[in-house]
Visitor: 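Just passing along the structure, written as structure tokens.
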Amino acid sequence: MKEKIQEVENILCKYGQEHLLRYFKELLDEEKENLLDQILSIDFDLIASLYKKAINHEMNENQQDLQPLKADEWDAIANQEKEQLYDIGIKKIKDGKTAVILLAGGQGTRLGYSGPKGTFDIYLPSHKSLFQLQCERLINISRKCGTYINWYIMTSHVNHDETVQFFDDNNYFNYPKENITFFKQGMLPAIDSNGKIFLQERGKVSMSPNGNGGCFLALKDKGILTEMKKRGIEWIFINGIDNALVRVADPYFLGFAVKTGLPSASKVVPKKSPDEKAGILCYRNGRPAIVEYSELPVKLAQKSDGDGNLIYDNANIINHLLKLEVIEEFFNYEVPFHVAHKKIPYLDINGNIEYPKEPNGYKFESFIFDIFSYVFDMAVLKVRREEEFAPVKNKDGEDSPFTAKNLVLDLQKNWLINSGINSKLLHGKTVEISPLSSYNGENIDKELIRDKLLRADTILI
Ligand code: UTP
């Protein structure tokens with residue numbers, strides 16, 4: 001350990017971060033080892049340069065020449081064309097040319113739940129977790145294609161073990177274990193306004209996941225990109241964990257992307273209102289970009305056309321498709337980081353944990369959508385909000401598990417009515433349809449459901 005200590009001391013001295021070893025002598029041997037390893041995992045050059053940019057206000061200040069981007073409307077596509085898109089998508093999946101990445105490394109702070117967000121039960125009658133809902137949609141599509149899609153689940157240091165354990169405890173929701181790969185994204189330390197890295201405990205640096213854009217670096221570092229290439233993967237679906245209605249590996253979307261000939265695509269939904277806190281897909285300086293709600297000038301957010309439709313209306317739902325080559329190309333550029341000025345709990349000079357009332361430091365994150373600015377153009381499909389977006393962000397109120405549950409059940413009620421079940425029969429009843437039976441409203445067994453409706457108030461299909 002002596003040599004390791006020396007190595008760490010040299011690094012800390014070089015970057016003016018010696019305080020990280022302030023309590024070293026008080027630690028048990030195992031804690032010492034962990035702290036040294038944690039420090040050795042930090043890219044101090046990166047932190048120094050991010051700090052410099054943060055204090056010089058060089059981040060989150062993208063030059064703002066914004067222009068609207070016209071999305072293709074799902075509702076405007078003729079049924080016959082939709083079927084064509086479906087066939088194209090199904091074929092790509094069948095041929096083993098696609099993979100799915102689930103971004104599940106976030107901390108879910110707003111949800112106020114200590115476990116991984118994917119393990120959260122949104123109070124559906126079945127009590128299925130967000131992970132299970134996504135997994136069952138993948139099983140549905142995999143069955144249609146006769147092959148299991150490779151599913152890459154990004155976790156982070158804060159939730160990796162619990163995530164893997166959850167899948168193991170639930171027998172991987174009957175997805176073949178060999179088709180699931182868990183991989184951890186990187187972490188970055190939080191720093192104070194003088195650029196000093198915070199200690200979270202005596203033997204622990206304050207680190208948090210490096211943002212969902214950390215996905216690309218992790219894919220490269222863990223050799224997953226190379227593996228995907230060897231497997232002949234062309235297209236990668238990427239989606240977040242916190243949408244209870246996400247259509248994972250949607251063949252229609254894939255067919256749509258393939259048909260446009262563009263190397264990337266994104267699904268969006270119409271904004272709920274001009275001031276909805278959603279990122280907007282548009283052009284920035286001539287390139288596709290997702291502009292955060294805080295960066296979109298109010299005037300543009302409210303701007304509408306002659307018919308009263310918002311012009312900047314493409315709300316991001318973290319449902320993207322990227323060609324593998326786009327990700328490879330991205331490594332030729334410097335990965336952009338965003339800075340957040342935050343209240344960061346820290347260990348003070350007396351060894352007590354302080355919970356600041358005002359922002360006291362910086363955290364850095366990269367965003368998955370920053371990759372869009374490196375492609376010349378991209379395809380955008382605007383889908384129906386009520387069919388594909390049930391966000392689970394907050395503990396209660398808007399975009400909470402409760403609103404998401406209602407959105408799932410309301411949509412499924414519409415499927416039943418559209419399949420010919422009389423809405424009167426559904427009055428006062430709750431019907432939950434498993435994604436294993438129906439992916440987007442197909443395959444509804446009317447007779448079976450009618451029969452069950454006569455006998456029970458809550459029905460699981
Ligand atoms: P959010 O930006 O909503 O962050 O993530 P979050 O961590 O889930 O929630 P809050 O902000 O702390 O309340 C959007 C998606 O990106 C993933 C999340 O898991 C979610 O699917 N994500 C976010 C990561 O995978 N890694 C990160 O570092 C951050």
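Just so you know, residue 1 is the first one in the sequence shown, and it goes up from there. Heavy atoms only: backbone and side chains are in, while hydrogens, waters and symmetry mates are out. Counting convention: from 1, in listed order, for ligands and their atoms alike.
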Visitor: Looking at non-hydrogen atoms alone, which of Gln185, Lys395, Met187 comes nearest to atom 26 (N) of ligand 1?
Guide: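 Nearest heavy atom to atom 26 (N) of ligand 1 lies in Gln185.
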Visitor: Is the shortest heavy-atom distance from the side chain of Leu322 to the side chain of Phe372 under 4.5 Å?
Guide: yes
Visitor: For Lys342, is the NZ atom crowded, meaning more than 12 foreign heavy atoms sit under 6.0 Å from it?
Guide: no
Visitor: Return the closest protein heavy atom for atom 16 (O) of ligand 1 as residue, atom name and distance.
Guide: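 It is Asn212 ND2, 3.2 Å.
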Visitor: Considering the heavy atoms of Asp242, write down every atom of ligand 1 situated less than 4.0 Å from one of them.
Guide: 3 (O), 14 (C), 20 (C)
Visitor: Starting from atom 8 (O) of ligand 1, what is the nearest protein heavy atom, named by residue and atom, and what distance separates them?
Guide: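 Checked against all protein heavy atoms, atom 8 (O) of ligand 1 sits closest to Lys117 NZ, 3.5 Å.
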Visitor: Could you tell me whether ligand 1 has any atom less than 4.0 Å away from a heavy atom of Gly108?
Guide: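 Checking ligand 1 against Gly108, which is what was asked, there is a heavy-atom contact under 4.0 Å.
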Visitor: Below 4.0 Å from any atom of ligand 1, is there a heavy atom belonging to Ser156?
Guide: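 In this structure, Ser156 fails to qualify as a contact of ligand 1 - no heavy atom is under 4.0 Å.
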Visitor: What protein heavy atom lies closest to atom 12 (O) of ligand 1? Include the residue and the distance to one decimal.
Guide: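 Scanning the protein heavy atoms, the shortest distance from atom 12 (O) of ligand 1 goes to Thr109 OG1, 2.4 Å.
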Visitor: Taking the six-membered ring for Trp and the full ring for Phe, Tyr or His, determine whether the centres of Phe167 and Phe173 are under 6.0 Å apart.
Guide: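 Between Phe167 and Phe173, the centre distance is under 6.0 Å.
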Visitor: Between Leu111 and ligand 1, does any nitrogen or oxygen pair lie at a separation below 3.5 Å?
Guide: no
Visitor: Looking at Glu442, I'd like to know if its CD atom is crowded, meaning that more than 12 non-hydrogen atoms belonging to other residues, nucleotides or ligands lie closer than 6.0 Å.
Guide: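 Yes - once you tally the heavy atoms of other residues, nucleotides and ligands closer than 6.0 Å, there are more than 12.
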Visitor: Tell me, do Asn34 and Glu31 make a side-chain contact under 4.5 Å, heavy atoms counted?
Guide: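 Asn34 vs Glu31: side chains apart.
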Visitor: For atom 15 (C) of ligand 1, what is the nearest protein heavy atom, given as residue, atom name and distance?
Guide: Ile318 CD1, 3.8 Å
Visitor: When you look at NZ of Lys272, are more than 12 heavy atoms from neighbouring residues, nucleotides or ligands closer to it than 6.0 Å?
Guide: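 It does: Lys272 NZ has more than 12 such atoms within range.
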Visitor: Please report which non-hydrogen protein atom sits nearest to atom 11 (O) of ligand 1, along with the residue it belongs to and the distance in Å to one decimal place.
Guide: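 For atom 11 (O) of ligand 1, the nearest protein heavy atom is Arg110 NH2, 3.0 Å.
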Visitor: Taking the six-membered ring where the residue is Trp, are the ring centres of Phe182 and Tyr152 under 6.0 Å apart?
Guide: no
Visitor: Identify the closest protein heavy atom to atom 21 (O) of ligand 1: which residue and atom is it, and at what distance?
Guide: Leu103 O, 2.7 Å
Visitor: Out of Asp75, Asp72, Asp313, which one pairs with Lys382 under the side-chain hydrogen bond (donor to acceptor under 3.5 Å, both in side chains) rule?
Guide: Asp313
Visitor: Could you pull out, from Met154, Lys363, Gln107, the option with a heavy atom nearest to atom 7 (O) of ligand 1?
Guide: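 Among Met154, Lys363, Gln107, the closest heavy atom to atom 7 (O) of ligand 1 belongs to Gln107.
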Visitor: For ligand 1, does Lys393 get within less than 4.0 Å through its side chain, its backbone, both, or neither, judged by non-hydrogen atoms?
Guide: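 Answer for Lys393: side chain.
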Visitor: What protein heavy atom lies closest to atom 25 (O) of ligand 1? Include the residue and the distance to one decimal.
Guide: Gly105 N, 2.8 Å
Visitor: Which heavy atom of Tyr252 sits nearest a heavy atom of Leu85, and at what distance?
Guide: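 Closest approach of Tyr252 to Leu85, heavy atoms only: O-CB, 3.9 Å.
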Visitor: Note the single closest protein heavy atom to atom 23 (C) of ligand 1, along with its residue, its atom name and the distance in Å.
Guide: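 The closest heavy atom on the protein side is Gly106 CA, 3.6 Å.
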Visitor: Are the aromatic rings of Trp74 and Phe256 close, with centres under 6.0 Å apart?
Guide: no
Visitor: Can an N or O of Glu365 be found at a distance shorter than 3.5 Å from an N or O of ligand 1?
Guide: no
Visitor: Using a strict 4.0 Å cut-off to heavy atoms of Ala104, name the atoms of ligand 1 that fall inside it.
Guide: 19 (O), 25 (O)
Visitor: Please state which option from Gly211, Gly240, Ala340, Ser366 has its nearest heavy atom closest to atom 27 (C) of ligand 1.
Guide: Gly211
Visitor: Can you name the one residue among Leu436, Val246, Asn440 that meets side-chain contact (heavy atoms from CB on, under 4.5 Å) with Arg137?
Guide: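 Per the side-chain contact (heavy atoms from CB on, under 4.5 Å) rule, the option paired with Arg137 is Val246, out of Leu436, Val246, Asn440.
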